[in-house]
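Following: one structure in structure tokens, then a few remarks.
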Amino acid sequence: MSLKPKEMNFSDTWGDLQKTVHGVITLSNIPRYVWQDRFADVYQLCVAYPESLADKLYIETKNFLDNHVKGLLEHLSTLSHDNIIYNYYECWRRYNKGIIYLHELYSYLNNQHIRKNKLSEAELIYGNHPIDDLEQMEIGELGLEIWKKNMIEPLQGSLVSAILECINQDRNNNGHLINAEVVRGVIESFVAVNKFKKRNNIELYRTLLEKPLVAASGEYFRSQADIWFQNCTITQYMERVIKLFEEESVRCQRFLHSSSHAIMKQCCEKYMVEDYLCALYNEAKSIISQERQQDMANMYILLRSVSKNLIPYMTEFKDHIIEEGLQRLNEIKGDNMCMSFVEIIMSIYRKYKEMIEKIFQSDKNFTSALDKACISIVNYSPDNKSYKSSELLAKYCDQLLKKSSKGLSEMEVDEKLTDAIIIFKYLDDKDMFQKFYSRMLAKRLIHQNSQSMDAEESMIDKLKTACGYEFTNKLHRMFTDMKISEDLTEKFNSQYLPDKRVVLSLNFHVHILQAGSWPLGQTNITSFTIPQEFTQSMQAFEKFYNCQYNGRRLTWMYHLSQGELKLCYLNKVHLITMQTFQMAILLLFENTLTMTCSEIVNTLQLNWDQFLKNCVTLVECKILLANTKELENDTVLSLNEKYYNKRTRLRITASLQKETPMETTQTITSVEEDRKLFIQATIVRIMKSRKLLKHNALIQEILSQCITFNPSISMIKKCIETLIEKQYMERARNSRDEYSYIA
Amino acid sequence: MKVKIKSWVGVATWRWVANDDTCGICRLAFENCCPDCKLPGDDCPLVWGQCSHCYHMHCIMKWLNSQQVRQLCPMCRQEWKFKE
Ligand SMILES: [Zn+2]
Ligand SMILES: [Zn+2]
Ligand SMILES: [Zn+2]
């Protein structure tokens, strides 16, 4: 075959070509050499000399296909109308295949003639060229276009109603439609005929099929929902709707173009969920309060696709948790309040966390509902004692970290402390917790009452992770002081004393605390004349300390100091750990058998309260005998010569080291004072940078900077008043709700 | 002897001893730290000059660094020398 252009006789060539075209489009067997000759004919016609016959060829081919499809339509109309979609599908299947072959036979025309003449895509989109009906298409596209005009357009009414009928049958037969493949094929033809289109290629499918299908389905869903709702319990209704959702989703996959899946789903939801929202919400309360888990899960499935639909359901869930939490908290009785408090909250937290994983598929919205519920429960204060939770949580930690925490393993203690952190995160008054915690920590450290330093430090690290370095740096500081004190004691005893050739009468240890870092309080401060038995060691240490540090002054905290006293006047020697004041009291009996309370108080210069607390313990544990029931000024005290304890070493300090109600009050007051100072400093900082600020904007900024507590608006207002009085700021002249900074 | 002290764990707090209550440079109490620090105590120590004036160490260092010609005590204008 020669590629050289030559003169062509069109009608002869087309005559041959036409026969082959017919063969191809009807899927007849075309011998290879015939195919190759006709392929060459197309080429030769396109490049014919003296002028190309391509346009002529195009027009003839178009006419041929036009007539061919008209013929097919005529043929179809002679067949039974009942089988229309089957007959259409058969025709389409063959024609569609034939057109693909024909497209190939006309490759040269497609590639060299038509593509060249075609407007570029950019021209189509941005240019103002009117889309010309006469514009030539590649043969494949032409064939499909003709099919669309000559076949789909005339038949569309009957085709679509037949498809809808089939889908209806499928619904009634539980998805066992016999000719599913045919229905799918017909529907696909609506998309396929536009496959060459650059844009809107599913438009035909949309208008022809999707719209009527959605309308018909909507009607079906509406009436189903109506029937079910009338005749079923809510449990059954939800089960059926979910089953229908699943079936419809499968149906969509089987029959429809993927673009329709979401639309059909919305359609289902509109008629079966949206229209019944009120009814569903009405049931939500009892479903949740009875914790009917299957119903809860089903209702979640029905509501989840529209997140605003979930809100009332989540609120119901949240309120249920709060109700259960508060009810259980109100039932707490007994001594071990703090343990019960944490255990109840953790059991609720765990129960609902698990429920969210199992029933609500770990939905974040529900997790945050649980968080909100926990915040309400944890910070609930029935009698305006908002500090209560902070105190209970700190006490819980104290019990776990103290010596003798009931034989828990290190792992168990750590797990329980991790629980405390979960609750801590929900706490509004984190600063209050910090104060209580640091006071209890101080006592554990000073009274050497910690179970393990590792556990202490790991807890502080946990708090640091939860609330930042600022929050824990005072706690860290306390640890540093303890370490420094240990080194000082060591250096004093093993270097300084031997160097100076001093031998102390007692075994001496110190805790040197940096005044600002320790929450020591003022309640227990008393005058005290320290017995001379102590003074030698103290003076030696002070000398040593002044050599170590310049410009520092030590103040002894006798009420925090304790020691071990050896009782030698009994049949058996006892070594008893007690407070310094108690040691001092017992030392007075060295040269006398009896003393009155007022004599002791006068000698030691102790205030009465401190004396009473310490002396009562000595009487209660029967080291001292008193001649009256209550200790009065003239009560006579004497050493109990018959004192006996089966243990040789014991401590009687525990009750004295407990947090007193007075200390609690003091803690609360000092937190409130800190809060005021913090808010005032924050206001000054904000006003200094903003100069002029509206009241509400100022409040918002303050709230956003208070991380460890939620200040009340009235407290903020008071702080603003204070600062106005102190002339840090003033009300702006022209505006009632604005402040300006006074430099 | 009827009773004898075996051992004693003394607890004491320490504070700075200074002639004034407040730092002459930053005007903050020695109980507290200088404006650049967060915690009083070892991290923000006090220092004394031979003139016996006392400042936060951080405050006097800043002051001395800002002096071009001679380094004077900001209170008494004598030449600043650290007390040994
Ligand atoms: Zn300063
Ligand atoms: Zn500093
Ligand atoms: Zn000076």
Side-chain angles (χ1 to χ4, degrees), chain A residues 446-448 469-470 473-474 476-477 480-481 484-485 489 505-518 520 531 533-534 537-538 541-542 545 549-570 575-577 580 583 586-587 589-591 639, chain B residues 1-61 73-76 80-84:
Chain A
I446 293 170
H447 302 313
Q448 292 154 298
Y469 177 72
E470 289 272 325
N473 59 9
K474 279 198 176 179
H476 279 295
R477 192 67 220 210
T480 315
D481 278 355
I484 295 173
S485 300
T489 302
S505 63
L506 51 82
N507 213 327
F508 187 80
H509 286 261
V510 278
H511 294 321
I512 304 299
L513 318 176
Q514 187 181 298
S517 301
W518 289 71
L520 299 175
E533 284 87 341
F534 294 92
S537 328
M538 286 164 55
F541 182 80
E542 279 171 22
Y545 190 76
Y549 298 101
N550 256 334
R552 295 184 179 191
R553 187 176 54 231
L554 290 179
T555 311
W556 293 96
M557 301 274 125
Y558 300 113
H559 64 285
L560 297 174
S561 312
Q562 62 180 27
E564 200 174 39
L565 197 68
K566 190 171 170 188
L567 307 188
C568 315
Y569 55 92
L570 302 166
L575 289 162
I576 305 185
T577 299
T580 303
M583 298 168 92
L586 294 180
L587 283 166
F589 288 88
E590 193 60 47
N591 301 314
L639 286 180
Chain B
M1 251 205 292
K2 290 181 187 166
V3 296
K4 186 181 181 317
I5 305 170
K6 277 289 287 181
S7 65
W8 189 59
V9 185
V11 177
T13 56
W14 69 264
R15 286 164 211 283
W16 298 110
V17 212
N19 297 337
D20 291 312
D21 292 338
T22 55
C23 168
I25 299 173
C26 70
R27 301 275 162 204
L28 291 172
F30 287 131
E31 294 279 295
N32 300 320
C33 50
C34 80
D36 295 337
C37 289
K38 294 253 184 266
L39 274 180
D42 290 327
D43 300 337
C44 185
L46 305 192
V47 287
W48 284 262
Q50 284 185 359
C51 59
S52 92
H53 283 120
C54 168
Y55 305 99
H56 289 118
M57 183 181 79
H58 297 140
C59 293
I60 189 72
M61 293 311 290
C73 171
M75 300 282 272
C76 62
W80 177 269
K81 282 206 178 91
F82 284 102
K83 193 170 160 189
E84 288 307 308

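Excluded from the calculations below are hydrogen atoms, water molecules and symmetry mates; all remaining heavy atoms, backbone and side chain alike, are included. Per chain, numbering begins at 1; letters A, B, ... match sequence-line order.
- For A:Ile512 against B:Trp14, the heavy-atom pair with the smallest separation is CG2-CD1, 3.6 Å.
- Nearest heavy atom pair, residue B:Val11 against residue A:Leu560, reads CG2-O, 3.6 Å.
- How far OG1 of B:Thr13 is from NE2 of A:His511: 13.5 Å, rounded to the nearest 0.5 Å.
- When all heavy atoms of A:Cys568 and B:Met1 are compared, the pair lying nearest together is CB-O, 3.5 Å.
- In this structure, the portion of A:Leu575 lying under 4.5 Å from any heavy atom of chain B is its side chain and not its backbone.
- Nearest heavy-atom pair across B:Ala12 and A:Trp556 is CB-CE3, 3.7 Å.
- To the nearest 0.5 Å, atoms NZ (B:Lys4) and CD (A:Glu564) are separated by 11.0 Å.
- Only the side chain of A:Tyr545 comes within less than 4.5 Å of a heavy atom in chain B; its backbone stays farther off.
- Residues passing the side chain to side chain donor-acceptor pair (under 3.5 Å) test with A:Asn473: none are found, sequence neighbours excluded.
- Contact count versus chain B (heavy atoms, under 4.5 Å) is highest, among A:Thr555, A:Val510, A:Leu554, A:Thr480, for A:Thr555.
- Using a 4.5 Å cut-off between heavy atoms, B:Leu46 makes no contact with chain A at all.
- Residues A:Phe534 and B:Ile5 form a side-chain contact, since some pair of their non-hydrogen atoms from C-beta on lies under 4.5 Å apart.
- The most heavy-atom pairs under 4.5 Å with chain B, out of A:Asn591, A:Leu513, A:Leu506, come from A:Leu513.
- Your options are A:Arg477, A:Gln448, A:Glu533, and the one with the most heavy-atom pairs under 4.5 Å with chain B is A:Arg477.
- Considering only residues two or more places apart in sequence or on other chains, A:Glu542 meets the salt bridge (charged side-chain N to carboxylate O under 4.0 Å, His left out) condition with none of them.
- At a cut-off of 3.5 Å, with distance as the only test, a side-chain donor of A:Thr580 or B:Trp8 sits close to an acceptor on the other residue.
- Scanning all heavy atoms of the two residues, the minimum distance from A:Leu639 to B:Lys2 falls at CD1-CD, 3.8 Å.
- Contact detail for A:Lys566 and B:Lys6: the closest heavy-atom pair is CB-CG, 3.9 Å.
- Neither the backbone nor the side chain of A:Ser485 comes within less than 4.5 Å of any heavy atom in chain B.
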